[in-house]
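In this text the structure is predicted, and so the values were computed from the model without any measurement.
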Amino acid sequence: MNSNIEINREMVMRRREMTRDECMEVEMTPAQKEVFLVIDEWWRRYGFGPSIRDICRIRGKGGMGNTHEIVKRLVKLGVVKKVSRGQRSVRPVWINFKTLE
């Protein structure tokens, strides 16, 4: 019996996600903070992510392009996650599907 064990040396430890309090401490512009809070509250209320159009409507803004850029910056800051080409896929990083009620 050949018991060769292959080791995947490219495996990296999974990054620990931030808590809601840690997300709130991240330095954001006022517009980024506003969008983050809209996303956070939407998840708390409905259990799924808002669309870009929903975020614009709540903020009272007409242009979706700027809001989309803000969401992309929030992803880079590490306070939200988004599945590319996924609708309503944006969510705060502190929400994981194991803890959803």
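With V79 as the fixed residue, the side chain to side chain contact (heavy atoms under 4.5 Å, CB included) test singles out one of E25, M18, R20: M18.
In this structure, CE in M28 is found 12.0 Å from CD in E34, a value given to the nearest 0.5 Å. Expressed to the nearest 0.5 Å, how far NE2 of H68 lies from CD1 of I55 amounts to 9.5 Å. The CD1 atom of I58 sits 11.5 Å away from the CG atom of L37 when rounded to the nearest 0.5 Å.
For the pair K33 (side chain) and M24 (backbone), a donor-acceptor distance under 3.5 Å is present. Without hydrogens or angle criteria, D54 side chain to S51 main chain gives a donor-acceptor distance under 3.5 Å. W43 places a side-chain N or O within donor-acceptor distance of the main-chain N or O of V90, the cut-off being under 3.5 Å.
Residues forming a side chain to side chain contact (heavy atoms under 4.5 Å, CB included) with V83 (at least two apart in sequence, or on another chain): S89. Every salt bridge (Lys or Arg N to Asp or Glu O under 4.0 Å) that E22 has, sequence neighbours left out, goes to R16. Scored by the side chain to side chain contact (heavy atoms under 4.5 Å, CB included) test, I70 finds A31, Q32, V35, R59, N66, R73, L74 as partners (sequence neighbours excluded).
Across P50 and W42, no two heavy atoms sit closer than the pair N-CD1, 3.4 Å. Minimum heavy-atom separation, C56 to G63: SG-O, 3.5 Å.
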